[in-house]
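All residue numbers in this chain count up from 1 along the given sequence.
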Amino acid sequence: MSVTCQSAEETANAIIERVGREVVLGLPIGIGKATHVADALFELASKDPSISLTIFTGLTLEPPRGRSELEKRFLGPLVERLYPDWPVPRYAEAIRNKSLPANVRVQEFYLRPGGYLGDPYVQQHYSSINYSEVAGELMHLGVNVLAQLVAVSPDQPGRYSLGANPEVTLDLMPYFYERREQGQPALIVGQVNHQMPYMSGDADLDGSNIDIILEDDRLDYPLFTLPNRRVSDGDYATAMHVASLLRDGGTLQLGIGSLSDAVAHCLKLRHESPDLFAEVLEHLPGGTGVRRRRHLPVELAPFHEGLYASTELLSDALFSLFDAGLIKRPADSSTDTVMHAGFFIGSNHLYEGLSNLPEDRRRLIDMTRISKVNTLFGEEAEKRTQRRDARFINETMMITLLGAAVSDALEDGRVVSGVGGQFDFVSMAQALDGAMSILMCRARRESGGKVSSNIRWNYGHNTVPRHHRDVYVTEYGIAATRGCSDRDTIDRLLHIADAEFHGALMKQPRRSGKLERGYKMERDAGHNRPDVVRSLLEQHRPHFPAYPLGTEMSTEEQALVEALGWLKTHTATTPKRLRTMLQASTGGEQSGNEKALSRMQLEKPSGLKERLMQRLLHHALDRTSQ
């Protein structure tokens, strides 16, 4: 029978009373953490060293913080607007302040991307596991408390939804039942948040499944929003190639970020304007006008049967495809479900869209356990039937020429993010007939004033080993590498690399005997340059907007994002910084950009520092507007 508590403190005391002074607390990834419950347990442990508190979670979210003065001026009002009441967990603040009590331990299996590269505690306590193995890891740790946000049914008293995060909780429920039968404590704690969308499917539970319910309207808060990022021309080019690989009636898994947003937009473009889609694809580097593209099927037609989604993450990109009617194929003949998903996180538009779904549309989405969407184990025959022509689309940071993917960490061992479910989907693609693991990668990067290739000869870390290589896509085309020899893998990946690096990339394979001495690339690979992509998309600019899924930023803030990005690039080295400062200082009379400067509180600069910032920002705004 469920116990209802009216405060987080009461809830924490009830937990200690029932499980004892050794608490192994599981918190969901992302937005579904019962933060007030975790904070109350943290407070008890801070005051009482006899309490041992282990917290196992992933993706602890905090509002962004700027590094430079200009970044802080930009982010300040944005953070106040988007995250006014977001409760940053006490454990996260303690880690940042290096004040974590000795009797509290925090482990994460997925990190806020790039957020902890310089944090020794987080790096040392990171757990590298596949998403499908999280429940098993929690069992190994002896988890005895799960605490997450839940939604209340608007018209069925006593029913709750696990909302954004049913994925691990549902997989752990049988383990919790078993512990109770053995006389061991195991509690599922639900903190009600009335702003959490009520989701159907396996996430919809009777209240008897939740041991302690914390319900206090004063603890409600808006869910953490991830503003949609700007989609670049390179992102769109990559997405055009990816969108040409999806078959009508097939299965889709899609990640999050600007590349995924671009894929969703290009799928809609293919559906609504197939002639335009075909024209652009033909003229892109590595597109259908190139002989090499013929080694894979080319899908250009609109979607009549539609797609079925079986995905770890329900993102803005996937929801936009559901909203547009492209995700509409039922999983099989026994159900109306068109999407199985493990968890969701995204923009306020996503949360509002899910909350406002009519019931007949809501029941088409089944929020379910992670073992359902990330593996073939259990109900394997059914899953194989449902996941026909599957395309598992994710992103990677780097690719080696022998076909390994680098997605989660650097070669010095520091973790950027985590494996998450990427390897789950790579492995599943190889086990399903007609499936593809599609890893998208930007062909080049600029960091610290230096441009480099994201396709490397080798790298001191990999997430997907070379023997699991499959389909790689950059802005310059598609490399299908599954079953290829080393020589052919290198050849195909070279042809989707940036032309600036072709010569350097060929040297080591030749020295190693992996490429013949007389090897030459095809002439059209010389078009693998950013300006070629930019020139083509510029001809069709209205069809490739900067924010295809919308944005919560104002027009001025969108312009400032561009300007600050340009400024960061053009001040990355001392010579660049001096050159940019000189250009900004000698640019003559400055006018325009008043609204953007006002947004940064630089319309009336005070002192030399603010005058210099104003000139630099004015210069960057002028350059990016061109």
Side-chain angles (χ1 to χ4, degrees), residues 26-33 55-61 107-113 125-141 143 146 148 162-175 201-203 226 251-257 260 309-315 317-318 339-346 366-379 383 387 390 392-397 405-409 415-432 435 437-439 462-465 468:
L27 297 174
I29 196 169
I31 63 175
K33 295 174 176 56
I55 299 172
F56 190 88
T57 187
L59 192 58
T60 298
L61 298 166
Q107 288 181 245
E108 295 207 50
F109 71 93
Y110 195 89
L111 307 179
R112 192 174 73 253
H125 291 82
Y126 166 76
S127 293
S128 182
I129 52 177
N130 294 322
Y131 208 164
S132 60
E133 298 166 353
V134 171
E137 183 73 6
L138 279 164
M139 294 177 203
H140 176 73
L141 288 171
V143 61
L146 288 174
Q148 72 173 86
L162 297 175
N165 289 94
E167 75 281 23
V168 175
T169 301
L170 291 173
D171 271 338
L172 280 171
M173 278 185 169
Y175 168 77
D202 293 336
L226 293 178
T251 303
L252 174 63
Q253 181 268 327
L254 187 61
I256 195 169
S260 295
S310 178
T311 184
E312 171 184 283
L313 168 64
L314 169 50
S315 63
L318 273 175
M339 184 187 304
H340 285 102
F343 75 102
F344 65 75
I345 186 172
D366 185 349
M367 298 299 297
T368 188
R369 59 196 185 277
I370 203 67
S371 62
K372 169 79 172 180
V373 292
N374 278 42
T375 77
L376 290 176
F377 305 125
E379 306 165 333
K383 291 178 180 180
R387 296 172 193 178
F392 302 116
I393 304 168
N394 294 289
E395 185 176 340
T396 187
M397 298 187 299
V406 182
S407 306
D408 68 310
V415 180
V416 176
S417 54
V419 178
Q422 184 170 110
F423 189 82
D424 289 333
F425 290 108
V426 169
S427 177
M428 191 163 23
Q430 300 206 343
L432 284 169
S437 162
I438 300 172
L439 290 181
N462 66 61
T463 312
V464 178
H468 278 270

Is it the case that the side chain of [X] and the backbone of [Y] share a donor-acceptor pair, with hydrogens and angles ignored and the cut-off at 3.5 Å?
X: Glu108; Y: Leu59; value: yes
X: Thr57; Y: Leu27; value: yes
X: Glu312; Y: Gly421; value: yes
X: Ser427; Y: Phe423; value: no
X: Asp171; Y: Ala135; value: no

Nearest-0.5 Å distance, [atom1] of residue [X] to [atom2] of residue [Y]:
X: Ile31; Y: Asn165; atom1: CD1; atom2: CG; result: 6.5 Å
X: Ile29; Y: Ile345; atom1: CD1; atom2: CD1; result: 8.0 Å
X: Asp424; Y: Leu376; atom1: CG; atom2: CG; result: 10.5 Å
X: Leu61; Y: Arg112; atom1: CG; atom2: CZ; result: 7.5 Å

What is the minimum heavy-atom distance between [X] and [Y], and which atoms define it?
X: Ala435; Y: Ala429; answer: CB-O, 3.5 Å
X: Leu254; Y: Ala317; answer: CD2-CB, 3.8 Å
X: Thr375; Y: Ser132; answer: CG2-CB, 3.6 Å
X: Gly26; Y: Val143; answer: N-CG2, 3.9 Å
X: Tyr126; Y: Gly418; answer: OH-CA, 3.3 Å
X: Thr311; Y: Met339; answer: CG2-CG, 4.5 Å

Partners of [X] by side-chain hydrogen bond (donor to acceptor under 3.5 Å, both in side chains), sequence neighbours excluded?
X: Asn394; value: Gln253
X: Asn462; value: none
X: Ser127; value: Gln107
X: Glu133; value: Asn130

Taking only residues two or more places apart in sequence, or in another chain, which ones meet Asp202 in a salt bridge (charged side-chain N to carboxylate O under 4.0 Å, His left out)? Arg369
Residue set satisfying salt bridge (charged side-chain N to carboxylate O under 4.0 Å, His left out) with Lys372, at least two apart, ordered chain then number -> Glu379, Glu382
With sequence neighbours excluded, what pairs up with [X] under the side-chain contact (heavy atoms from CB on, under 4.5 Å) test?
X: Val416; answer: Leu117, Met397, Leu410
X: Thr251; answer: Tyr308, Ser310, Arg329, Arg387, Ala390
X: Thr396; answer: Ile399, Ala405, Ser407, Leu439, Cys441
X: Ala203; answer: Ser161, Leu162, Pro166, Met367

Any chance you could lay out the side chain to side chain contact (heavy atoms under 4.5 Å, CB included) test for Asn374 and Phe425, step after step, and finish with the verdict? CA-CA 6 Å; Asn374 278 42; Phe425 290 108; 3.4 Å; yes
List the steps, then state whether side chain to side chain contact (heavy atoms under 4.5 Å, CB included) holds for Val168 with Leu138. CA-CA 10 Å; Val168 175; Leu138 279 164; 3.9 Å; yes
Looking only at side-chain N and O atoms, does Thr463 offer a donor or acceptor that is under 3.5 Å from a partner on Gln422? no
By ring pair (Phe, Tyr, Trp, His ring centres under 6.0 Å) - contacts of Phe344 (at least two apart): none
So, using ring pair (Phe, Tyr, Trp, His ring centres under 6.0 Å) as the criterion, who are the partners of Tyr131 when residues are at least two apart? Phe109, Phe343
I'd like to check Ile393 versus Ser260 (side-chain heavy atoms, cut-off strictly below 4.5 Å). Are they in contact? no
Less than 4.5 Å apart, side chain to side chain, heavy atoms only: is that true for Leu432 and Phe392? yes
